[in-house]
Amino acid sequence: MSNTGMNMRGKITFYEEKNFQGRSHECMNDCSDMSSSMSRSQSCRVESGCFVVYDRNNYMGNQYFMKRGEYSDYMSMMGMKDNIKSCRMIPMHRGQFRMKIYEKENFGGQSHEMMEDCDNTMDRYRMNECQSCNVMDGHWLMYEQPQFRGKMMYMRPGEYRNFRDMGMSGQRFMSMRRITDSC
């Protein structure tokens with residue numbers, strides 16, 4: 001059994017209104033389209049696990065990382081402009097973390113293998129952007145600005161030849177961190 005396959009069940013409950021009011025919708029795994037369950041969502045509780053939520057269906061658009069806790073008004077807390085339309089549960093990972101980042105699309109340009117967080121690719125590798133990557137082990141978050149700021153993208157094991165296919169056209173990433181929370 002692989003380390004990535006050692007999942008704990010996650011549970012997130014979305015509410016139509018702020019402060020956990022109105023109709024609710026519970027997710028215990030990935031949900032690619034929440035619009036059939038509720039037209040809007042303004043607060044949520046993550047009872048267990050970690051999730052990435054998206055402001056478009058099919059895991060597209062802006063992404064936000066949510067770990068265990070209460071989010072009574074996440075639209076203002078996180079600066080969201082739209083409702084959550086889909087969510088993905090992040091499986092727990094035990095073991096090493098490995099990702100190879102590339103300066104250009106299609107694994108071109110200079111590359112570096114990472115096993116630890118990197119708060120600034122320019123300072124560490126003299127690489128001013130990352131446009132493709134190969135996640136070999138673990139789950140990662142990539143950020144458009146140094147110091148884990150700006151737009152974020154969740155990366156699970158796999159090859160990512162370009163980020164346009166994931167709805168991140170023109171996006172470049174300058175910091176990365178491992179998801180080590182006990183999801």
Side-chain angles (χ1 to χ4, degrees), residues 3-4 7 10 12 30 44 46 49-56 58-71 73-82 84-183:
N3 289 334
T4 304
N7 281 359
I12 186 170
D30 296 354
C44 72
V46 179
C50 295
F51 289 82
V52 173
V53 297
Y54 302 80
D55 65 3
R56 291 181 31 209
N58 299 313
Y59 319 113
M60 300 291 279
N62 294 315
Q63 305 176 21
Y64 304 89
F65 175 70
M66 297 184 142
K67 58 185 177 180
R68 189 173 183 190
E70 294 189 342
Y71 303 85
D73 179 10
Y74 57 71
M75 292 188 78
S76 64
M77 288 169 58
M78 299 173 158
M80 292 180 72
K81 294 178 178 75
D82 207 351
I84 291 173
K85 304 283 194 222
S86 56
C87 71
R88 189 176 298 258
M89 187 182 81
I90 300 171
M92 184 178 355
H93 175 77
R94 291 191 179 113
Q96 70 177 3
F97 287 78
R98 284 186 10 191
M99 175 170 61
K100 192 164 190 176
I101 59 172
Y102 298 85
E103 181 181 30
K104 305 279 183 203
E105 292 182 346
N106 297 312
F107 313 123
Q110 67 173 303
S111 66
H112 299 279
E113 188 168 313
M114 301 172 43
M115 296 177 78
E116 299 289 330
D117 298 352
C118 175
D119 63 358
N120 190 326
T121 56
M122 186 62 185
D123 289 350
R124 184 174 292 172
Y125 303 119
R126 298 291 174 240
M127 190 169 143
N128 65 355
E129 61 188 7
C130 168
Q131 294 187 5
S132 58
C133 71
N134 180 9
V135 177
M136 289 140 332
D137 292 301
H139 299 261
W140 296 74
L141 297 175
M142 298 177 69
Y143 296 85
E144 70 176 339
Q145 297 173 13
Q147 308 301 321
F148 317 117
R149 293 189 323 247
K151 286 188 179 178
M152 180 210 86
M153 186 165 62
Y154 165 57
M155 310 300 286
R156 57 189 184 171
E159 292 185 346
Y160 301 90
R161 294 187 167 280
N162 68 62
F163 302 135
R164 279 189 312 249
D165 295 342
M166 300 172 70
M168 295 292 193
S169 184
Q171 202 69 34
R172 65 185 212 182
F173 294 94
M174 299 184 71
S175 57
M176 298 86 186
R177 72 178 172 126
R178 302 161 294 149
I179 300 176
T180 57
D181 299 84
S182 55
C183 294

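When each of Lys151, Arg177, Arg149 is tested with Tyr143 by the rule side chain to side chain donor-acceptor pair (under 3.5 Å), just one qualifies, namely Arg177.
Residue Met127 comes nearest to Glu103 through the heavy atom pair CE-N, 3.4 Å, listed as atom of the first residue, atom of the second, then distance. Taking both residues in full, the closest heavy atoms of Arg56 and Ser86 are given as O-OG, 2.7 Å, listed atom of the first, atom of the second, then distance. Closest approach of Tyr102 to Cys133, counting heavy atoms only: CD1-CA, 4.0 Å.
Residues satisfying the side-chain hydrogen bond (donor to acceptor under 3.5 Å, both in side chains) criterion with Glu144, sequence neighbours excluded, are Gln171. For Tyr71, there are no ring-ring contact (aromatic ring centres under 6.0 Å, His included) partners, not counting sequence neighbours. For Gln145, there are no side-chain hydrogen bond (donor to acceptor under 3.5 Å, both in side chains) partners at least two apart in sequence or on another chain. Every residue meeting the side-chain contact (heavy atoms from CB on, under 4.5 Å) condition with Met115, not counting sequence neighbours, appears here in chain and number order: Gln96, Arg98. By the ring-ring contact (aromatic ring centres under 6.0 Å, His included) test, Tyr54 pairs with Tyr59, sequence neighbours left out. Applying the salt bridge (Lys or Arg N to Asp or Glu O under 4.0 Å) criterion to Glu129, with sequence neighbours excluded, gives Arg172.
Atoms CE and CG, from Met176 and Asp117 in turn, are 11.0 Å apart once rounded to the nearest 0.5 Å. The distance from the OH atom of Tyr64 to the SG atom of Cys44 is 12.5 Å, given to the nearest 0.5 Å. Of the inter-residue distances, the one linking Lys85 atom NZ with Asn62 atom CG reads 12.5 Å to the nearest 0.5 angstrom. To the nearest 0.5 angstrom, Ile12 atom CD1 is 13.0 Å from Arg68 atom CZ. Within the model, atoms CE of Met114 and SG of Cys130 stand 8.5 Å from one another, a figure rounded to the nearest 0.5 Å. To the nearest 0.5 Å, the span separating CD on Glu159 from OG on Ser132 amounts to 10.0 Å.
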### Message
Under the criterion side chain to side chain contact (heavy atoms under 4.5 Å, CB included), I'd like the reasoning laid out for Lys100 against Phe107: C-alpha separation, chi angles, the key distance, then a yes or no.
### Response
CA-CA 9 Å; Lys100 192 164 190 176; Phe107 313 123; over 6 Å; no

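Aromatic ring orientation, His139 versus His93: perpendicular (interplanar angle above 60°, classes split at 30° and 60°). Aromatic ring orientation, His112 versus Tyr125: parallel (interplanar angle below 30°, classes split at 30° and 60°).
The closest side-chain heavy-atom distance from Asn134 to Tyr160 is not below 4.5 Å. Considering only heavy atoms from C-beta on, Thr121 stays 4.5 Å or farther from Phe173 through its side chain. Proximity of Ile90 to Phe65: side-chain heavy atoms (C-beta onward) are separated by under 4.5 Å at one or more points. Contact annotation: the side chain of Met155 approaches that of Phe163 to within less than 4.5 Å [non-hydrogen atoms, C-beta and beyond]. Between Met153 and Val52 there is no side-chain heavy-atom pair separated by less than 4.5 Å. At least one side-chain heavy atom of Phe51 sits under 4.5 Å from a side-chain heavy atom of Val46. In this structure the side chain of Val53 reaches within 4.5 angstrom of the side chain of Cys87, judged on heavy atoms.
Judged by distance alone, the side chain of Asn128 and the main-chain N or O of Met122 form no donor-acceptor pair under 3.5 Å. Side chain of Asp55 to backbone of Ile84: no donor-acceptor contact under 3.5 angstrom is found. In this structure, the side chain of Glu105 does not engage the main chain of Gln131 through any donor-acceptor pair within 3.5 Å.
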